[in-house]
> 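The structure that follows is given in the form of structure tokens.
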Amino acid sequence: MSEPFYITTAIAYPNGKPHIGHAYEAIATDAIARFQRLNGREVCFVTGTDEHGLKMDQTARGLGRETRDLADEMSSYFKQMCATLDISADHFCRTTADNHHKASQAIWKRLEANGDLYLDRYEGWYSVRDEAYYDEAELTEGEGGQKLSPQGTPVEWTVEESWFFRLSKYEKPLLDYYAANPEFIRPDSRKNETVKFVEGGLKDLSVSRTSFDWGVKVPGSENHVMYVWLDALTTYISAIGFPDDTEEWRKFWPASVHIIGKDIVRFHTVYWPAFLMSAGLPLPKMVFGHGFLLSRGEKMSKSLGNVVDPMELAELFGVDALRYFLLREVSFGQDGSYSPEAIVTRVNADLANSFGNLAQRTLSLVFKNCEGYLPAIHGHHPDDQALLELVGNAVSVQIPTHFEDLAMSQALEAWMQAVFACNAYVDVQAPWALKKTDPERMETVLATLFICIAQLAIAVQPFIPGSATKLLDQMGVPDDVRNYARAGSHWYSPLAEGGFQIAQPVGLFPRLELPAEEGAAA
RNA sequence: GGCGAAGUAGCUCAGCUGGUUAGAGCGGUGGAAUCAUAAUCCAUAGGUCGGGGGUUCAAGUCCCUCCUUCGCUACCA
């Protein structure tokens with residue numbers, strides 16, 4: 001029996017609508033989850049929203065709304081995004097849910113029972129206007145020696161009662177864990193940062209707040225709410241049942257991998273494992289920090305006006321086109337650049353021209369020259385064998401290997417190489433010419449192509465599930481062979497002999513056009 | 001300042017533990033073909049692998065230094 005696979009996205013903070021970064025993370029995580037399912041693993045895929053904390057409260061107040069009400073609305077946008085983008089999450093979790101509060105308090109009690117929590121005072125330079133503490137080093141001096149925050153607001157020395165977590169105690173255990181588990185933090189650059197950070201010494205962490213109440217109440221200290229990260233990270237275990245000893249919990253914890261953005265690596269590779277160690281729970285096997293998407297090489301920000309709405313892109317170019325572009329063009333773990341031109345170019349070249357056209361030209365020949373019946377195979381030619389071998393290797397060796405390494409763009413590169421080989425084969429064999437000279441040979445060629453295209457469609461399912469399924473449906477490929485283990489099995493002849501007939505093929509990957517310019521950039 | 005990452009063909013990037021003529025896609029150029037979504041296939045385009053120095057029989061691939069860009073340097077998420 002294969003090992004269960006538990007994967008999560010970060011739990012998004014919904015103080016705004018989802019942006020392209022959220023979509024990217026969800027899509028990448030979804031592709032991995034889908035791959036593992038097709039790879040025969042039992043998968044649990046969790047995503048959701050982290051709705052507590054000061055910012056949500058502030059945002060709501062700024063809008064004159066109930067915080068809970070705003071959270072409901074914002075969270076719904078994230079859920080909607082998942083539906084639109086074909087994200088196959090098993091659970092969409094909200095930190096405001098009752099079971100999550102219960103889980104957060106349970107883990108709190110474990111930390112407390114382990115002697116890692118103590119009540120003290122948090123002191124620092126506090127800006128009332130920003131509602132945030134700042135480090136001495138961040139401050140600037142204004143007129144008359146007034147200390148100012150980086151935002152230019154006045155700060156004053158403030159003392160607040162707070163619970164502290166003995167993070168310092170875990171410095172050594174964490175470093176030992178990193179050393180013993182080299183795959184725990186990926187990519188390596190993130191691991192280096194984390195190790196250096198921890199080696200630099202860990203201070204105890206303030207894990208409760210009294211300045212607002214939008215959060216999980218601290219057990220026994222009702223005027224405190226838990227530090228949002230402690231609460232948010234707990235989602236990864238509350239999602240599958242913790243603190244109850246459920247079947248899902250037993251099966252899926254520890255997580256196989258948390259997929260997160262590079263900006264929150266520390267929370268996942270220092271705080272989270274420390275909390276878990278303290279709670280006596282196993283640690284996730286891997287934390288992967290992906291890169292950011294840049295708009296034409298520049299950071300996206302509201303002030304630059306280059307923030308991209310993923311829903312708009314999906315609508316404009318199609319869900320699968322967007323998914324394909326992001327997974328193909330961006331090397332997972334590194335920053336990537338986005339632009340409408342790049343999407344159009346990439347998707348047209350790979351999906352429309354190469355793969356889509358390959359399927360279309362082949363299926364059209366079968367439809368016209370064989371009346372839609374799947375042609376028989378009349379003996380093996382070395383060229384056929386070579387192509388089948390090449391495609392088979394890409395589908396059952398290269399793509400899975402790259403996926404296991406979370407190298408999705410490389411998996412797609414291998415996939416494209418196989419697509420190129422098929423198009424080259426079509427041109428060399430020229431089945432349209434064989435129709436008159438050697439009809440049997442034509443049938444063998446078309447059958448070979450049919451098999452290859454089906455395998456390629458099976459392999460690409462994690463990336464473009466909607467289109468791949470449509471194509472496989474058109475081709476009559478049985479459900480039980482639509483996975484990596486059985487893609488290369490003997491299904492073609494039974495399907496052909498069963499009298500399956502394809503309909504007039506319908507193109508699945510229309511060529512995209514660049515949308516007309518809408519207003520000049522400022 | 002400290003630590004780290006990166007700088008490879010016009011563009012976007014591959015190049016693992018050093019080893020035959022430095023690779024791919026897109027774009028460009030020249031052919032072929034016409035089944036197909038004017039899609040495809042073949043050939044090709046002569047990049048001092050950021051600058052300099054060093055180690056080695058041999059370096060894009062290791063070491064030093066300089067330049068440029070970027071990330072991290074804790075309690076806003």
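Lettering follows sequence order; numbering is per chain, from 1.
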> Find the distance A:Phe420:CZ to B:rG25:C1' and express it as a whole number of Å.
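Computing the A:Phe420:CZ to B:rG25:C1' distance gives 7 Å.
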> Among B:rU34, B:rU37, B:rU40, which nucleotide sits nearest the side chain of A:Trp432?
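Taking heavy atoms from C-beta onward, the closest nucleotide is B:rU34.
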> Between A:Pro431 and A:Trp229, which residue's closest nucleotide on RNA chain B lies nearer the 5′ terminus?
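The residue whose closest nucleotide sits nearer the 5' end is A:Pro431.
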> Applying the Watson-Crick and G-U wobble criteria at under 3.5 Å, what pairs with B:rU29? Answer none if nothing qualifies.
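B:rA43 - that is the nucleotide pairing with B:rU29, both distances being under 3.5 Å.
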> May I ask you to verify if any side-chain N or O of A:Arg209 is less than 4.0 angstrom from the OP1 or OP2 atom of B:rC76?
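A:Arg209 to B:rC76 OP1/OP2: no side-chain N or O under 4.0 Å.
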> Let me know which of A:Val216, A:Thr234, A:Val207 forms a side chain to side chain contact (heavy atoms under 4.5 Å, CB included) with A:Trp108.
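Considering A:Val216, A:Thr234, A:Val207, a side chain to side chain contact (heavy atoms under 4.5 Å, CB included) with A:Trp108 is found only for A:Val207.
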> In whole angstrom, what separates A:Glu413's CD from B:rC26's P?
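Taking atom P of B:rC26 as the reference, CD of A:Glu413 is at 12 Å.
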> Taking the side chain of A:Gln360 as heavy atoms from C-beta outward, which of B:rC35, B:rA5, B:rU37 is closest to it?
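That would be B:rU37.
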> Across all strands shown, which nucleotide pairs with B:rC16 by Watson-Crick or G-U wobble geometry, both distances under 3.5 Å?
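Matched B:rC16 with nothing under the 3.5 Å cut-off.
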> What's the verdict on side chain to side chain donor-acceptor pair (under 3.5 Å) for A:His22 and A:Tyr77, showing C-alpha distance, side-chain angles and the deciding distance?
CA-CA 11 Å; A:His22 294 114; A:Tyr77 294 133; over 6 Å; no
> Counting the atoms with a prime plus P, OP1 and OP2 as sugar-phosphate, which does A:Asp405 contact under 4.0 Å by heavy atoms, base, sugar-phosphate, or nothing?
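Result for A:Asp405 = nothing.
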> Please tell me which of the listed nucleotides, B:rA14, B:rC75, B:rC35, lies nearest to the side chain of A:Ser206?
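Out of B:rA14, B:rC75, B:rC35, the nucleotide with an atom closest to A:Ser206's side chain is B:rC75.
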> Taking any heavy-atom pair under 4.0 Å as a contact, classify A:Asp50: base, sugar-phosphate, or nothing.
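Sugar-phosphate, no base atom in range.
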> To the side chain of A:Arg361, which of B:rC35, B:rA39, B:rU73 is closest?
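Selected nucleotide (nearest to the side chain): B:rC35.
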> Among B:rA36, B:rA5, B:rU37, find the nucleotide with the atom closest to the side chain of A:Ser364.
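Of the options given, the side chain of A:Ser364 lies nearest B:rA36.
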> Quick one: is B:rA36 close enough that its OP1 or OP2 comes under 4.0 Å of any side-chain N or O from A:Lys368?
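Checking A:Lys368 against B:rA36: at least one side-chain N or O falls below 4.0 Å of OP1 or OP2.
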> Mind calculating the distance between CG (A:Asp335) and C1' (B:rG71) to the nearest angstrom?
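After rounding, the reported distance stands at 9 Å.
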> Does A:Lys262 make a cation-pi contact with A:Phe292 (under 6.0 Å, within 45 degrees of the axis)?
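A:Lys262 over A:Phe292 ring: yes.
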> Is there a donor-acceptor pair closer than 3.5 Å between any side-chain N or O of A:His402 and the backbone N or O of A:Gln398?
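Such a contact is found between A:His402 side chain and A:Gln398 backbone.
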> Should B:rA58 form a Watson-Crick or G-U wobble pair with both distances under 3.5 Å, which nucleotide is its partner?
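Partner of B:rA58: none found under 3.5 Å.
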> Contact class for A:Leu508 vs. all strands (heavy atom < 4.0 Å): base, sugar-phosphate, or nothing?
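Result for A:Leu508 = base.
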> I need the CD-P distance between A:Gln417 and B:rG23, as an integer number of Å.
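Rounded to whole Å, this separation is 15 Å.
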> So if I take every side-chain heavy atom of A:Glu193 and compare against B:rC72, B:rA39, B:rC3, which nucleotide ends up nearest?
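Of all the options, the side chain of A:Glu193 is nearest to B:rC72.
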> Base, sugar-phosphate or nothing for A:Arg266? Non-hydrogen atoms, less than 4.0 Å.
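Answer is sugar-phosphate: A:Arg266 comes under 4.0 Å of backbone atoms only.
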> Judged by each residue's nearest nucleotide on RNA chain B, which is more toward the 5′ side, A:Thr362 or A:Lys55?
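Nearest-nucleotide comparison on RNA chain B picks A:Thr362.
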> Within the structure shown, what part of the strands sits under 4.0 Å from A:Tyr271 by heavy-atom distance: base, sugar-phosphate, or nothing?
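Since a base atom lies under 4.0 Å of A:Tyr271, the category is base.
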> Atom CZ of A:Arg190 to atom P of B:rC72: distance rounded to whole Å?
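Roughly 8 Å, once rounded to whole Å.
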> At under 4.0 Å between heavy atoms, what does A:Gly53 touch on the DNA or RNA strands: base, sugar-phosphate, or nothing?
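If one applies the 4.0 Å heavy-atom cut-off, A:Gly53 turns out to touch nothing in the nucleic acid.
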> Mind checking A:Gly201 for me? I need base, sugar-phosphate or nothing, with any heavy atom below 4.0 Å counting as a touch.
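A:Gly201: base contact, heavy atoms under 4.0 Å.
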> From the options B:rC3, B:rU40, B:rC35, select the nucleotide whose nearest atom is closest to the side chain of A:Lys196.
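Nearest listed nucleotide: B:rC3.
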> Hey, is the side chain of A:Gln334 poking within less than 4.0 Å of OP1 or OP2 on B:rA14, counting only N and O atoms?
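For B:rA14, OP1 or OP2 has a side-chain N or O of A:Gln334 closer than 4.0 Å.
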> For B:rC26, does OP1 or OP2 lie under 4.0 Å from any side-chain N or O of A:Arg346?
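So the side-chain polar atoms of A:Arg346 never come under 4.0 Å of the phosphate oxygens OP1 or OP2 of B:rC26.
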> Indicate yes or no: does A:Arg361 engage A:Asp427 in a salt bridge with an N to O separation below 4.0 Å.
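Between A:Asp427 and A:Arg361 there is a salt bridge, with a charged N closer than 4.0 Å to a carboxylate O.
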> Take atom CD of A:Gln410 and atom P of B:rC13, then tell me their distance rounded to the nearest Å.
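Nearest whole value for this atom pair: 14 Å.
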> Picking from B:rC75, B:rU40, B:rA77, which would you name as closest to the side chain of A:Leu205?
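The nucleotide sitting nearest to the side chain is B:rC75.
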> Would you mind telling me which of A:Lys17, A:Lys79, A:Arg65 makes a salt bridge (charged side-chain N to carboxylate O under 4.0 Å, His left out) with A:Glu73?
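Exactly one candidate clears the test, A:Arg65.
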> A:Leu202 side chain: which of B:rA74, B:rC35, B:rA77 is closest?
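Looking only at side-chain atoms, A:Leu202 lies closest to B:rA74.
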> Which one is paired to B:rG71, where only Watson-Crick or G-U wobble pairs with both distances under 3.5 angstrom count?
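Base-paired to B:rC3.
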> Measure from the side chain of A:Phe267, starting at C-beta and using heavy atoms only, and say which of B:rA77, B:rC3, B:rG71 lies closest.
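Comparing B:rA77, B:rC3, B:rG71 against the side chain of A:Phe267, the answer is B:rA77.
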> Given atom CG of A:Asn357 and atom C1' of B:rU37, what is their separation to the nearest angstrom?
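Going from CG in A:Asn357 over to C1' in B:rU37 covers 6 Å.
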> When the distance from CZ of A:Phe292 to C1' of B:rU69 is rounded to whole Å, what number comes out?
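In whole Å, B:rU69 C1' lies 17 Å from A:Phe292 CZ.
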> Shortest non-hydrogen contact from A:Val330 to A:Ser409?
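Smallest heavy-atom distance, with atoms named: O-CB, 3.7 Å.
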